[in-house]
Structure formats: structure tokens, C-alpha cells
Asker: 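Mind having a look at this structure? Questions to follow.
Just the heavy atoms: all of them, side chains too, but no hydrogens, waters or symmetry mates, feed the values below.
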Amino acid sequence: MGIINKLFKNNNSDKILAEASKEYKNKNFSKACELYSACLETDAGNLNALYARALSYYYGENLVLAKDDFTAVLKTNPKFSENCNFFLAKIDDCFNEFESSKKYIDSYLSNNSNNADAFYLRAKINFNLKNFGQAQSDAEKSLKIAPDKCDSFILLGKIKFEEGDQKKSLLFYDKAIEAEPACSEAYNLRGFTLYKLKYYDEGLNDLIKAIEIHPEFTDAYYNLALIYNEKNQPDKSIQQLNTLLKLDEHYFEAYLLRSNIYSKMGNSENALADFNHLINIEPDNYNYYFKRSILKKECGDVNGAKDDLLAAIKLNADFCEAYYELGLLSYQKKFYAKAYKAFSKAIELNPKFGDAYLQKGIVAILLNKFQEADKSLSKAIELNSESYKAYYFRAVVKEKLADTHGALTDYTKALNDSSYFEAYIGRAKLRIKTEDFNSASIDLSKAIKIDPKNPRSYFLRGNVFKKMNKNDEALDEFNKAVEINPNYTHAYCLRGFINFNLKKFKNAVQDWQKAIKLNNNFEFRLKPHIESASSKM
């Protein structure tokens with residue numbers, strides 16, 4: 001026969017309460033709750049039993065039932081109001097119901113102004129509500145009552161950290177450790193703060209100490225991984241994250257960091273595996289699909305990247321960045337109409353999305369929508385006056401629209417970035433058209449300085465010298481172009497004409513024959529010249 005049945009057999013509720021109290025003192029809270037419940041079945045109005053059961057539920061970590069009992073006691077008899085308010089404040093704080101928690105603790109403190117734990121609790125609640133001034137005041141009050149209260153020092157450190165005074169926060173973590181030398185949380189927070197201040201070695205020492213004190217301290221392992229990552233020790237960082245994830249397989253930030261490290265190491269397979277884990281854990285998180293799509297794109301899995309972007313959009317129809325990336329994928333696959341549509345949608349969702357205007361303008365050029373391209377690129381420039389790429393492509397558009405002056409102005413603005421190879425090439429070609437050969441030559445020389453292995457610059461500069469009747473200089477440039485690219489058809493073609501001008505007829509014939517071999521479309525144009533040169537040999 002069970003203990004409860006034995007006690008009830010004698011119909012002695014006092015014995016039940018005494019036995020329940022004994023179980024409570026022995027911290028057997030589950031058994032204590034069972035006994036208090038049995039007492040309340042026969043004596044529903046026994047507030048002492050109800051309050052004792054509330055305490056048993058609370059310390060047994062059954063907070064939902066504890067809250068129900070404390071609330072019932074509070075409504076029935078004001079005698080218990082102070083203690084009930086205190087525990088209800090603690091419970092709601094655990095549930096992140098900070099506003100209601102604050103009401104309970106305010107009520108408690110109105111009659112109990114000498115409880116350091118209560119002031120600390122209200123400080124903690126105010127901190128979570130981002131009322132940092134009130135939080136600091138309450139934490140200081142708790143320390144006046146209990147000068148060695150470690151939690152209050154920690155909270156003051158966190159307040160200063162949030163306010164941006166990280167060095168001041170270190171002083172409070174020092175005091176917390178002085179008050180409680182085995183406080184793993186203080187070491188962890190001080191270590192993280194040292195990491196933020198870039199004192200990596202000191203931060204490592206604190207975090208290792210935190211783990212020595214508390215070997216299952218997941219946050220400390222994560223912070224250690226952050227420091228090892230900053231110190232360019234990826235293997236050690238991954239080691240910490242692996243340990244952390246064995247302790248808590250749902251620690252999302254650890255998967256994100258480990259994936260980022262794997263990606264930097266070129267281990268795309270493991271990076272993707274981490275996002276697969278994240279999506280399995282939280283399948284409705286559109287950001288995870290989005291980030292996985294970026295990884296898949298980097299791995300060359302364009303279709304997989306597209307599927308993930310569509311999944312992200314399905315979960316969040318207003319996700320403009322996903323439409324933008326979808327546009328880039330379509331652009332990569334040369335589906336320009338689809339890209340144009342995706343960039344337009346991204347702009348519809350975010351009218352200040354400068355990069356989307358830029359990409360839409362580029363795609364519009366490829367679709368021969370030059371007026372639309374001009375509008376989009378102009379908007380990109382309006383949103384970012386340093387978008388030199390937008391200036392470059394708007395110059396291309398202005399050339400198409402026969403606005404030579406506007407094109408030249410935009411190429412010049414693009415060259416505020418003096419390393420912009422394509423802008424030098426574009427401006428040089430425009431100057432060739434306007435017969436400003438000296439300026440074109442200068443631009444091409446700058447392009448060659450940026451990229452000396454690009455044959456196009458030599459070819460264009462050879463063309464400039466040809467138009468300036470500088471045959472020897474032109475020959476040198478075409479020689480460099482075909483040396484870099486032995487299959488440069490146009491270079492062979494023009495070099496043939498230079499050789500002809502220099503009366504090197506055999507060389508001219510060889511160049512033209514090479515051009516025809518590379519592209520037989522040149523045969524109709526070059527055949528008469530080959531016959532002419534051959535007759536002079």
C-alpha cells in the first residue's frame with residue numbers, strides 16, 4: 001500500500017502535510033507535490049498546502065503549474081501576496097514575460113526594500129527591457145545590501161557592454177570574479193569582452209578557465225571558437241564547435257560559424273552539411289535556405305541554389321534579397337528576361353535597393369532596352385554616387401543612344417576608381433571613334449599597367465597606332481596581342497595589313513591565312529588582299 005493511501009486510511013491530513021514537508025526538505029519535490037495534491041483533494045481551501053505545493057512545483061522546475069498555484073494563492077489571501085509576487089516575478093522572467101514580471105517585482109519591493117535578490121531581479125528585468133539606467137540603479141541597490149553579490153556585478157558589466165563602454169564592463173567582471181572566484185559566467189563574459197577588444201590571448205585564458213569550472217559551458221566553447229577563428233586557427237575553432245555541438249546539437253550559431261569557417265577553408269561539402277543540419281532543425285527559417293543557396297552557387301550547383309531561393313521566397317514572399325540572388329542566377333545562365341523580372345521584383349519590395357537597379361540596368365542593355373537601362377543605372381547612381389560600375393554601364397548606354405559627350409563624362413566618372421580596367425578600355429574605344437588617338441593611347445597604356453596580360457589592350461593600342469600611321473609601333477602591339485592569345489583572329493587580320501604596308505607581303509599572307517583558319521567568315525573579306533599580296537611576292 002502506497003504512503004498516501006496509508007496516511008488517508010487514518011484520515012489524518014496533518015500526517016500527510018508533515019510527510020509532504022519532509023519530502024520537500026529532502027528536495028524530493030515530485031513526491032512533495034503528490035502529497036500536497038492529495039491533501040488538497042480533501043481540503044481544497046488549505047492555502048498552506050496550496051502555497052507549499054506552488055513552492056514544490058517551482059523548485060521542481062515545473063514552472064507552469066507553479067505559476068497557477070501562486071496565482072491562486074495570491075487571489076485568495078493577501079497574507080501570501082509578498083512571497084507570491086516575488087516568485088511570480090521570477091517565473092515570468094524565465095518565460096521572458098518581462099512587463100508582467102516587472103509588475104510583480106515592483107509590488108514586492110514596495111513592501112520589501114531590503115532584499116538584494118529582489119533588486120537584482122528587477123535590475124535583470126529592466127536590462128532585458130533595455131531600461132539600462134533603471135537596471136544600473138537597481139543593481140547598485142542590491143550591492144548596497146549585499147556587497148559581494150556576484151550576479152549584480154555581472155549585470156553591471158553587461159549594462160556597460162551594451163552601452164558601448166567595454167573597458168568599464170571589464171572592471172565589473174573583475175569584481176564579480178573577486179566576489180566569486182569560481183564563477184564561470186564572469187570568466188566567460190570577461191573573455192568575450194576581451195575578444196571584442198581584440199585582446200585575444202587574454203580572452204582565451206578566461207574562456208579556458210570558464211570551461212575548467214563548467215565543462216559543459218556551451219557559450220564559452222562558442223566564444224573560444226570565435227577567438228581561434230580571429231587568430232586564423234580554423235582547426236582549433238572547429239574543434240571547439242564540434243565539442244559544443246556534442247553538448248547542444250541545436251546551437252544554431254555554432255553551425256553558422258562552422259559553416260563559414262569550412263567555406264573559407266574551401267571545404268564546401270562540410271559547409272553545406274552544416275546548413276543541412278540547420279534546415280532539418282528549423283525547416284521554416286528562410287534565411288537558412290538563402291544562405292545555403294549562396295553556398296550552392298559557389299559550388300557551381302546553380303539549380304540547387306535556385307531551388308533554395310524559391311524555398312526562401314515561399315517562406316517569405318517579401319524577401320527582396322532572394323529575388324536579387326535569383327536574378328543573378330538567371331543572369332549567370334543567360335536567362336536575361338527572367339533576370340530582369342527578378343531584379344524588378346527586388347526593387348518593388350525595396351525601392352532603395354541600389355545593387356538591384358544596377359543589375360537591372362545591365363540586363364536591360366543585353367535586352368536592348370536602352371531607355372530602361374538608362375533609368376535604372378541613373379537610379380543606382382542616385383542611391384550611391386560612388387557606384388562606378390553604374391557610371392561605366394551608363395556610359396555604354398549613352399554610346400548606344402548616340403550621346404557621345406554623356407558617355408565620355410560617365411566613363412571619366414567611372415575612373416574615379418583608377419583600377420577600373422574596363423572603364424579605360426571603354427573610354428579608349430570611344431576616343432578612337434572620335435579620333436582622339438593620343439588620349440586613347442594614354443588610356444590603353446593605363447589599362448595595360450592594370451592588366452599586362454590582357455591582349456585586348458595591346459590590340460586596341462595597335463589599332464590606334466595603325467590609324468596614326470605608326471606601322472612599326474602598331475606591329476609591336478599586334479605581336480604582343482597574339483603572343484598572349486595565339487587565337488586572336490582580329491589581331492592577325494590587322495597585323496596582316498601592317499605587314500602589307502611594310503611590304504612584308506609573305507608575312508601579310510600568313511597572317512590573313514591564319515585569321516581565315518581561325519574564322520572562315522574572314523575569307524570573303526581577306527581573299528582579295530591575299531591575292532594582291534601574293535602577286536607582289
Side-chain angles (χ1 to χ4, degrees), residues 154 157-158 161-162 164 166 169-170 173 184-301 304-305 308-309 311-312 315-316 319 321-322 325:
I154 288 175
K158 291 168 74 174
F161 186 93
E162 288 297 320
Q166 295 169 345
S169 72
L170 288 176
Y173 296 140
S184 59
E185 177 66 6
Y187 280 107
N188 173 60
L189 289 171
R190 191 171 72 175
F192 179 72
T193 304
L194 289 165
Y195 153 73
K196 284 293 187 179
L197 291 169
K198 302 187 185 301
Y199 298 141
Y200 298 133
D201 291 336
E202 295 89 336
L204 281 175
N205 291 335
D206 271 353
L207 294 166
I208 290 168
K209 181 67 174 179
I211 291 169
E212 285 178 1
I213 297 168
H214 180 15
E216 297 185 355
F217 198 166
T218 53
D219 286 349
Y221 285 107
Y222 181 76
N223 292 333
L224 263 180
L226 287 174
I227 292 182
Y228 282 128
N229 187 41
E230 287 297 326
K231 286 170 67 70
N232 294 317
Q233 296 177 288
D235 291 336
K236 286 188 176 182
S237 185
I238 288 172
Q239 182 182 359
Q240 302 305 317
L241 294 170
N242 289 344
T243 302
L244 186 166
L245 288 166
K246 286 179 182 178
L247 296 169
D248 180 2
E249 64 180 8
H250 293 97
Y251 202 118
F252 301 132
E253 293 86 353
Y255 288 110
L256 289 169
L257 178 58
R258 191 171 69 178
S259 175
N260 184 48
I261 295 169
Y262 278 136
S263 184
K264 288 180 180 178
M265 294 171 69
N267 191 338
S268 302
E269 184 177 344
N270 282 352
L272 279 170
D274 277 339
F275 271 100
N276 292 338
H277 281 301
L278 284 167
I279 288 170
N280 286 334
I281 295 167
E282 198 171 347
D284 293 332
N285 189 314
Y286 61 88
N287 270 312
Y288 294 157
Y289 288 99
F290 177 74
K291 290 177 180 177
R292 189 172 70 175
S293 77
I294 303 299
L295 273 175
K296 286 183 176 179
K297 180 182 175 182
E298 290 174 356
C299 295
D301 183 4
D308 274 351
L309 289 171
L315 291 166
N316 180 2
F319 195 4
E321 288 85 357
E325 288 294 331

Asker: Nearest 0.5 Å, please: how far is CD in E253 from CG in L244?
Answerer: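 The CD atom of E253 is 9.5 Å from CG of L244, to the nearest 0.5 Å.
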
Asker: What is the distance from atom CZ of F192 to atom CG of L197, rounded to the nearest 0.5 Å?
Answerer: 10.5 Å

Asker: Please check: side-chain N/O of N280 versus main-chain N/O of N276, any donor-acceptor pairing under 3.5 Å?
Answerer: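 A pair under 3.5 Å: yes.
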
Asker: Heavy atoms, side chains only, cut-off 4.5 Å: are I281 and Y255 in contact?
Answerer: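 Yes. Closest side-chain heavy atoms under 4.5 Å.
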
Asker: Enter the distance from L224:CG to F217:CZ here, rounded to the nearest 0.5 Å.
Answerer: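 If I round to the nearest 0.5 Å, the distance is 11.0 Å.
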
Asker: Any side-chain heavy atom of N188 within less than 4.5 Å of one from L207?
Answerer: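 Answer yes - side chains close enough.
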
Asker: Where is the tightest heavy-atom contact between S268 and C299, given as atom of each residue plus distance?
Answerer: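 So the two residues come closest at CB-SG, 3.0 Å.
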
Asker: What are the two closest non-hydrogen atoms of M265 and P234, and how far apart are they?
Answerer: SD-CB, 3.8 Å

Asker: Dump the intermediate steps for side-chain contact (heavy atoms from CB on, under 4.5 Å) on Y228 and I238, then the final yes or no.
Answerer: CA-CA 9 Å; Y228 282 128; I238 288 172; over 6 Å; no

Asker: For A210, does its backbone N or O pair with a side-chain atom of S184 as donor and acceptor, under 3.5 Å?
Answerer: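 Not confirmed, S184 side chain does not pair with A210 backbone.
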
Asker: Listing request: all side chain to side chain donor-acceptor pair (under 3.5 Å) pairs with a residue in residues 207-219, at least two apart in sequence or in separate chains.
Answerer: D219-Y251

Asker: For F290 versus E321, what's the shortest heavy-atom pair and its separation?
Answerer: CE1-O, 3.6 Å

Asker: Is the shortest side-chain N to carboxylate O distance from D201 to K231 below 4.0 Å?
Answerer: yes

Asker: May I ask you to test the Y222-L241 pair for a side-chain heavy-atom distance under 4.5 Å?
Answerer: yes

Asker: What pair of heavy atoms forms the shortest contact from I227 to G191, and how long is it?
Answerer: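 It is CD1-O, 4.3 Å.
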
Asker: May I ask you to test the I154-L189 pair for a side-chain heavy-atom distance under 4.5 Å?
Answerer: yes

Asker: Given 3.5 Å as the limit, does a donor-acceptor pair link the side chain of S263 with the main chain of S259, or not?
Answerer: no

Asker: If you look at every heavy atom in R258 and D274, which pair is closest and at what distance?
Answerer: NH2-OD1, 2.6 Å

Asker: Mind checking whether I213 and Y187 have side chains closer than 4.5 Å, heavy atoms only?
Answerer: yes

Asker: Answer yes or no: is there a donor N or O on one side and an acceptor on the other, between the side chain of Y221 and the main chain of Q239, under 3.5 Å?
Answerer: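 A pair under 3.5 Å: no.
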
Asker: Kindly compute the distance separating CD1 (I261) from CG (L256), expressed to the nearest 0.5 Å.
Answerer: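 CG of L256 is found 11.0 Å from CD1 of I261.
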
Asker: Assess whether atom NZ of K297 is packed by more than 12 heavy atoms of other residues, nucleotides or ligands within 6.0 Å.
Answerer: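 Enclosed.
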
Asker: If you compare all heavy atoms of Y173 against all heavy atoms of K158, which two are closest, and at what distance to 0.1 Å?
Answerer: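 Scanning both residues completely, I find the closest heavy atoms to be OH-N, 3.3 Å.
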
Asker: Can you tell me how far CD of Q233 sits from CG of L204, rounded to the nearest 0.5 angstrom?
Answerer: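 These two atoms lie 7.5 Å from each other.
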
Asker: Sub-3.5 Å donor-acceptor pair from the side chain of Y289 to the main-chain atoms of P283, do we have one?
Answerer: yes

Asker: What distance separates I279 CD1 from L272 CG, expressed to the nearest 0.5 Å?
Answerer: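 That separation rounds to 9.5 Å.
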
